[in-house]
Amino acid sequence: MPLGTTAEGVVLALDPELAERIRTGAAYLTDGRGIRLSPGEAVHAGAIVRVVVSARRAGPREEADADP
């Protein structure tokens, strides 16, 4: 990646679908230590950028052992 590439730019180059999730708030970025990154933060060569996607769905949660 060129000098000054952002964390979101790295994700966009590798997986545009994940980048869209970041833009919509369905995912966020962390560094290799698990500290949140701003999508616009510049990254350097060798940086570890992780995308965290929530497994939660909108709406009420149904319990597996709930009686009808």
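Counting from 1, the numbers follow the sequence of the chain as shown.
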* Asked: Quick one: do Leu18 and Tyr28 end up in the same hydrophobic cluster if we chain Ile, Leu, Val, Met, Phe, Trp and Tyr together by side-chain heavy atoms under 4.5 Å apart?
  -> no
* Atom of Ser38, atom of Ala7 and distance for their closest heavy-atom approach -> O-CB, 4.0 Å
* **Residues that Ala26 engages under side-chain contact (heavy atoms from CB on, under 4.5 Å), provided they are two or more places apart** => Arg21, Thr24
* To do: Could I get the full list of side-chain contact (heavy atoms from CB on, under 4.5 Å) partners for Ala19, not counting sequence neighbours?
  => Val11, Leu12, Arg23
* To do: Report whether Val51 and Leu14 are members of the same hydrophobic cluster (ILVMFWY, side-chain heavy atoms less than 4.5 Å apart, transitive linking).
  => yes
* To do: For Glu41, enumerate each residue passing the side chain to side chain donor-acceptor pair (under 3.5 Å) test, keeping only those at least two apart in sequence or located in another chain.
  => none
* Asked: Mind checking what makes side-chain contact (heavy atoms from CB on, under 4.5 Å) contact with Arg50, not counting sequence neighbours?
  -> Thr30, Ile48
* Those residues that, when tested against Arg36, pass side chain to side chain donor-acceptor pair (under 3.5 Å) (two or more places apart) -> none
* Are Val43 and Thr6 close enough that some pair of their side-chain heavy atoms sits under 4.5 Å apart? -> no
* Sequence-distant partners of Asp31, side chain to side chain donor-acceptor pair (under 3.5 Å), two or more places apart -> Arg33
* Structure fact -> d(Leu29 CG, Ile35 CD1) to nearest 0.5 Å is 13.5 Å
* Asked: Which atom names give the shortest non-hydrogen contact between Val53 and Ala27, and what distance separates them?
  -> CG2-CB, 3.8 Å
